Participant: 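Please see the structure below; I have some questions.
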Amino acid sequence: MADLTSVDKTLFWVNLAYVASIVIMLAAGLFVVFLSWQRSSAAEAETRKRQLEFVQQTAAANERAARANEDAQRAISEAASSAADTQRIRKENMELAISLERERRMRLEMEDRLGRQPAAAASAHTPRMLSLEQEQALVSAMSRFTSAHASLIELNDVEAGPFARDLTRMLRSAGWNVAVSNFGALVPPQHGIVCTHDDGNAAAAALVKTLRSYNLTVYERRGTPDQFEILVGLKPPNDR
């Protein structure tokens, strides 16, 4: 009987240990599941946080891009307005300069007539002079050839000299590159405006046509390639 009791006690403790081990294993399994759930929840929360940050950063970047585009459009609009204002001011300055030069020429002509320049007073011809409208039309027409190069011969004559300077001023206002050479006199004398150029010079042809439309005497001479020379000679009797 004592042996049976001892065996029963042993079996009891063995069963108890087995049950305890199962409980421990279940508890460990539950703990592992709990830790896994916590880690999954933390990872999911971090993913959501990063997605939210990405959405916010994208929205901020789009807003900055929109502001930059608005600033660029505003800058383009202001630049266009500034260019238009510059062009308008340039045109007004050119018209003012032409008007002032015309008044100066009229004053000099009156002084000549009063006897300050006897040679001019003795002349039977009034000086060649373009109206303000004609000057503006000439500058506008010649502005199509802003890369034109020409050499202009100016005589030391009371009538031809000022007219040559006026023509130089108008051509330079049109954007031409004009090199001026001064001569005291030509022998034999040259009358009218003499343009020497090659056949393919469109700028020279346009200038000749425009000056002739103002009833000015203009002669043409065939020159060497790339030659464009303008001689402002003495005033012909039939020029106004």
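We number each residue from 1, following the sequence as shown. We use all heavy atoms of the structure for the numbers below, so side chains are in, but hydrogens, waters and symmetry mates are not. A quick note: this is a predicted structure, and the numbers were derived from the prediction, not measured.
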Participant: With a 4.0 Å cut-off on N to O distance, would you call R74 and E78 a salt bridge?
Facilitator: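 Salt bridge between R74 and E78, a charged N being under 4.0 Å from a carboxylate O: no.
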
Participant: Check whether N62 reaches the backbone of T58 with its side chain - one donor and one acceptor, N or O, closer than 3.5 Å.
Facilitator: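 Side chain of N62 to backbone of T58, a donor-acceptor pair under 3.5 Å: yes, one is there.
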
Participant: Can you tell whether the side chains of E220 and R212 come within less than 4.0 Å, N to carboxylate O?
Facilitator: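 Salt bridge: yes.
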
Participant: Less than 4.5 Å apart, any side-chain heavy atom of M142 and any of L171?
Facilitator: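 M142 reaches L171 side chain to side chain.
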
Participant: Going only through I, L, V, M, F, W and Y residues with side-chain contacts under 4.5 Å, is there a path from Y214 to F163?
Facilitator: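 Per the 4.5 Å side-chain linkage, Y214 and F163 are co-clustered.
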
Participant: Using a strict 4.0 Å threshold on nitrogen-to-oxygen distance, state whether E229 and R221 make a salt bridge.
Facilitator: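 Between R221 and E229 there is no salt bridge, as every charged N stays at least 4.0 Å from the carboxylate O atoms.
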
Participant: Answer yes or no: is there a side-chain heavy-atom contact under 4.5 Å between T210 and V208?
Facilitator: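 Result no, sub-4.5 Å side-chain heavy-atom pair not found.
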
Participant: Tell me, do L155 and L186 make a side-chain contact under 4.5 Å, heavy atoms counted?
Facilitator: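 Yes; the side chains approach each other to less than 4.5 Å.
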
Participant: Does atom CZ of R50 have more than 12 heavy-atom neighbours from other groups under 6.0 Å away?
Facilitator: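 Open: at most 12 neighbouring heavy atoms sit under 6.0 Å from CZ of R50.
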
Participant: Measure the spacing between CD1 of I153 and CZ of F183 and express it to the nearest 0.5 Å.
Facilitator: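 Going from CD1 on I153 over to CZ on F183, the span is 5.0 Å.
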
Participant: Does the distance from a Lys or Arg side-chain N to an Asp or Glu carboxylate O, for D198 and R222, drop under 4.0 Å?
Facilitator: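 The answer is no: the pair does not qualify as a salt bridge.
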
Participant: Do L234 and D157 touch side chain to side chain, with heavy atoms closer than 4.5 Å?
Facilitator: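 Yes, side chains in contact.
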
Participant: Does atom CG (D226) have a neighbourhood of more than 12 heavy atoms from anything else shown, all under 6.0 Å?
Facilitator: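 Count not over threshold, so no.
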
